[in-house]
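What follows is one structure encoded as structure tokens, with my remarks underneath.
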Amino acid sequence: MVDFLEELPGIIRFHRKKAGLTQAGLAKLAGVGKTAVFDVEKGKKTTQIDTLGKILRVLNIGVEFSGPLMVEYRRQKNARDDR
């Protein structure tokens, strides 16, 4: 399994460039500062989760969670949501 935090900066940079965006352009579309985009692309580990979410949404990148307990988690979550 590839480490998410090691892979993410390259994924974001790749998508940004393929979209023809500068760091400043991506920041403007995402409603974050240019420094935030720079930090994410450099792998800074203290990036706010909401900032990361805004950048991922603009680039149309989804995140999927997997693990041995995810099926059970989703089952319990769906049961709670159905109440």
Exercise for the section: To the nearest 0.5 Å, tell me how far Phe14 CZ sits from Ile61 CD1. Expected result: 10.0 Å
Exercise for the section: Mind listing the closest non-hydrogen atom pair of Val40 and Thr47 along with its distance? Expected result: CG2-CG2, 3.5 Å
Problem - Neighbour count above 12 (heavy atom, 6.0 Å) for Ile49 CD1 - result: no
Exercise for the section: Only pairs at least two apart or in different chains count here, so list each side-chain hydrogen bond (donor to acceptor under 3.5 Å, both in side chains) that has a residue in residues 19-28. Expected result: Gln23-Glu41
Could you tabulate the donor-acceptor pairs under 3.5 Å formed by side-chain atoms of residues 74-81, not counting sequence neighbours?
| unit_1 | atom_1 | unit_2 | atom_2 | d |
| --- | --- | --- | --- | --- |
| Arg74 | NH2 | Phe65 | O | 3.2 |
| Gln76 | NE2 | Glu72 | OE2 | 3.3 |
| Lys77 | NZ | Asp81 | OD2 | 2.9 |
| Asn78 | ND2 | Arg74 | O | 3.2 |

Handout entry: salt bridge (Lys or Arg N to Asp or Glu O under 4.0 Å) contacts in which one or both residues fall within residues 44-56, not counting sequence neighbours
Key = Asp39-Lys44
Fill in the blank from the handout: Tightest non-hydrogen contact, residues Val37 and Arg16, listed as CG1-CD, 4.5 Å
Problem - same_hphob_cluster(Ile11, Val32) at 4.5 Å side-chain heavy-atom cutoff - result: yes
Handout entry: Minimum heavy-atom distance Gly43-Pro9, with the two atoms named
Key = CA-CG, 3.5 Å
Completion exercise
NZ of Lys42 to CD1 of Ile12, rounded to nearest 0.5 Å, is 13.0 Å
Problem - Cluster check Val63, Leu69: I/L/V/M/F/W/Y, side chain < 4.5 angstrom - result: no
